[in-house]
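To find a chain, count down the sequence lines: A is the first, B the second, and so on, and within it residues start at 1.
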Amino acid sequence: MKLLKITVLVALVAMPALAQRKGDQLTGLTWNIGIPVGQMSDFMNKTSFGGFGVDFRWFLDENASLGGSFSWNNWSEQTNETIPIKNGAIGGTQIRYYNVLPLLLNAHYYMGETGQDIRPYFGLNIGAYVVNQRLDVGIYSFQNDNWHFGLAPEAGFLWHMDARSHIMIAARYNYAFDSGETLGGKDNNSIAFLGVNLGFAWTTGWF
Amino acid sequence: MNMPLKRLSGRFMVLPLVILLASVVPSGCYQDYNLGVEDFDAYLTKYVEGTNFQAYKYFIMPDTIMHLMDPGTVVDPIAGYRKYDKQILSLTASNFEARGYVRLKDTLAITGGIDPKTVFLVLIGQFATEHTGYYYDYWYGYWGGYWGWYYPGYYPPAYVDSYEYSVGTTVTEMADYARSAGQRQHAPVWVGVIAGLAGSPATVQQRIGTAINTQFEQSPYLYAGQ
């Protein structure tokens, strides 16, 4: 019995040291908040609290990882703002929507050492943004679907809750380069939003 | 176990936070905007590029709204809306007058020394279109399950209910008088289109007022020269 206690104790003490070694994996689930900036905020001037993200990362060593992420942000807003169009305008109650699905590959660098309570990190995400823009005005509905190439520099931190689970907080500046045209017919259809992602991450073995 | 208190408490924080996350995400995805009939009114205004609206000083406007119908239509489907003609005509005219344009009684006034190039015509037309919409029957899952059990392997097609709605459209056209007379065809320089759900008598008058005024508000370039 004493041997068992010692074994358990050693295992628990050793667990933080096992985290984030080469080949370890991290899975993160986040609630994603999105704040439109730049041209996107002309159409959607509202923060989205409806979004989620899934992150997978494979550690190269205790300070670096490569991975991928999938996320979704949804915005909708009711407005009476007049929409300028070429040589005219459209008015009336509108419901405006954006659905954005970033499908990204990423690389991250983690500061500090394994076992630290808080591990700040920064990284770069790169990949595709699937963007659905929709405008409902009166009984009419217009929508636009485009795939964009995009980048998202990111900074955040992992706060260890125990050896294998962490609170994950990150900020991502998402920029989807021009693709297609806007609903209003403008050539520049790039979009950008600041993402604040809050959630949990589990490293290999937590379950 | 020699586990720090903070790490131990962290383990128990997971569950409530996961529940919080799971509840916040779906509730933020969709929002019910509780739209009323008036929220389905839309206003479009367009002008012909290069038009100098300050070159106009006068306008002529018939005291009739044209009802546009398919050829062969015997009964005017929007005859009931004639009772709003007076309101539409007078509010449209007063908006043009508020922008500095002077209404002429008729074309005879133009012969009295007024330059035809400073005159425009205002023509208003209306039409209605019928539409059919569909929505999924919320009870489908229940009845579909019943029939699926009753007759194994058979699944009825997705059941939908339909609803009919009528969209009324009012088109206001501003046409250059001199060019229209010269080519015997309207030469429009500005058009305003109001489209909305028909069949809500309680709010029609108020919606007409809002719609006509909005057309002018979103056309700030419409004003007479000195």
Around atom [atom1] of [X], are there more than 12 heavy atoms from other residues, nucleotides or ligands closer than 6.0 Å?
X       : atom1 : answer
B:Phe53 : CZ    : yes
B:Glu49 : CD    : no
B:Met66 : CE    : yes

### Query
Where on B:Asp39 is there a heavy atom nearer than 4.5 Å to chain A: the side chain, the backbone, both, or neither?
both

### Message
Tell me the closest heavy-atom pair linking A:Lys86 and B:Lys46, and the distance in Å.
### Response
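In terms of heavy atoms, the two residues are closest at O-CE, 3.2 Å.
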
### Task
Search all heavy atoms of A:Gly88 against all heavy atoms of B:Tyr47 and return the closest pair with its distance.
N-CE2, 4.0 Å

### Query
For residues B:Tyr33 and A:Thr93, is any side-chain donor paired with an opposing acceptor at under 3.5 Å?
no

### Pick from A:Asn99, A:Thr82, A:Val137, A:Ile95 with the largest number of heavy-atom pairs that fall under 4.5 Å of chain B
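Max contact count across the listed options: A:Ile95.
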
### Query
What distance do B:Thr45 atom OG1 and A:Ile85 atom CD1 have between them, rounded to the nearest 0.5 Å?
7.0 Å

### Query
Rounded to the nearest 0.5 Å, what separation is found between the CG atom of A:Asp136 and the CG atom of B:Leu35?
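Rounded to the nearest 0.5 Å, the CG-CG separation comes to 9.0 Å.
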
### Task
Check each atom of A:Tyr140 against the heavy atoms of chain B and say whether the ones under 4.5 Å are side chain, backbone, both or neither.
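Side chain only.
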
